[in-house]
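All ligand and atom numbering here is 1-based and tracks the order in the structure.
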Amino acid sequence: MHIVIANDHGAVALKQEILEHLVRAGHEVKNLGVNDETSVDYPDMAIKATDEYNKGGYDLGILCCGSGIGISIAANKVSGIRCAQVFDLFTAEICRRHNDANFISLGGRVDYAVPVTAMVDAFLAAPFEGGRHQRRVDKLDAMC
Ligand code: RB5
């Protein structure tokens with residue numbers, strides 16, 4: 001898959017872990033995040049990744065900040081983006097199946113109960129189910 005990833009200073013190690021995991025699995029990854037802990041603003045990182053995604057050629061995107069919250073809020077203000085802040089394997093999978101999420105967000109300062117790489121894999125593997133969910137996603141997309 002073609003994946004775009006970005007992060008702020010609160011998630012440098014997390015981004016690196018995910019990036020290495022994806023590359024090892026054979027995915028093509030565009031890293032638009034920061035690679036050191038100099039402070040940056042998460043809305044800027046969200047815009048970088050979502051603008052790149054909206055140019056086309058990408059399957060999915062991943063965003064990381066300290067909590068996973070701010071960068072998700074920012075991404076969801078961009079037209080065409082449905083970013084799900086995920087916490088576990090269920091939310092990582094269901095956001096694809098029901099919400100056709102094209103981005104997930106994760107937090108570098110969050111103590112998750114499952115490995116982040118497992119959540120990423122669940123997100124990438126799950127298909128959108130369409131049907132009644134398509135109608136709801138269409139309504140989401142009409143909002144911005
Ligand atoms: C940065 O300190 C932090 O606020 C940011 O990474 C994120 O947690 C915001 O939601």
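- Of the candidates Val4, Ile5, Ile47, Glu52 forms a side chain to side chain contact (heavy atoms under 4.5 Å, CB included) with just one, namely Val4.
- Annotation: atom 4 (O) of ligand 1 to nearest protein heavy atom, Tyr42 CE2, 4.3 Å.
- Heavy-atom contacts of Gly66 reach the following atoms of ligand 1: 5 (C), 6 (O), 7 (C), 8 (O) (cutoff under 4.0 Å).
- In this structure, atom 5 (C) of ligand 1 lies nearest to the protein heavy atom Asp8 OD2, 3.2 Å.
- Just one residue in the list Ile69, Ile71, Asn76 forms a side chain to side chain contact (heavy atoms under 4.5 Å, CB included) with Ile73, and that residue is Ile69.
- Atoms of ligand 1 found under 4.0 Å from any heavy atom of Ser67, numbered from 1 in the order shown, are 7 (C), 8 (O), 9 (C), 10 (O).
- By the salt bridge (Lys or Arg N to Asp or Glu O under 4.0 Å) test, Asp141 pairs with Arg82, sequence neighbours left out.
- Remark: the His27 side chain and the Asp59 side chain contain no N/O donor-acceptor pair separated by less than 3.5 Å.
- Looking from atom 1 (C) of ligand 1 to the surrounding protein, the closest heavy atom is His9 NE2, 3.5 Å.
- Scanning the protein heavy atoms around atom 2 (O) of ligand 1, the nearest turns out to be Arg109 NH1, 3.3 Å.
- The two residues Asp8 and Gly66 come nearest to each other via the heavy atoms OD1-N, 3.7 Å.
- Among pairs with a residue in residues 74-111, those fulfilling ring-ring contact (aromatic ring centres under 6.0 Å, His included) read Tyr53-Phe103, His98-His133, at least two apart in sequence or across chains.
- If you check which protein heavy atom lies closest to atom 10 (O) of ligand 1, you get Gly70 N, 2.8 Å.
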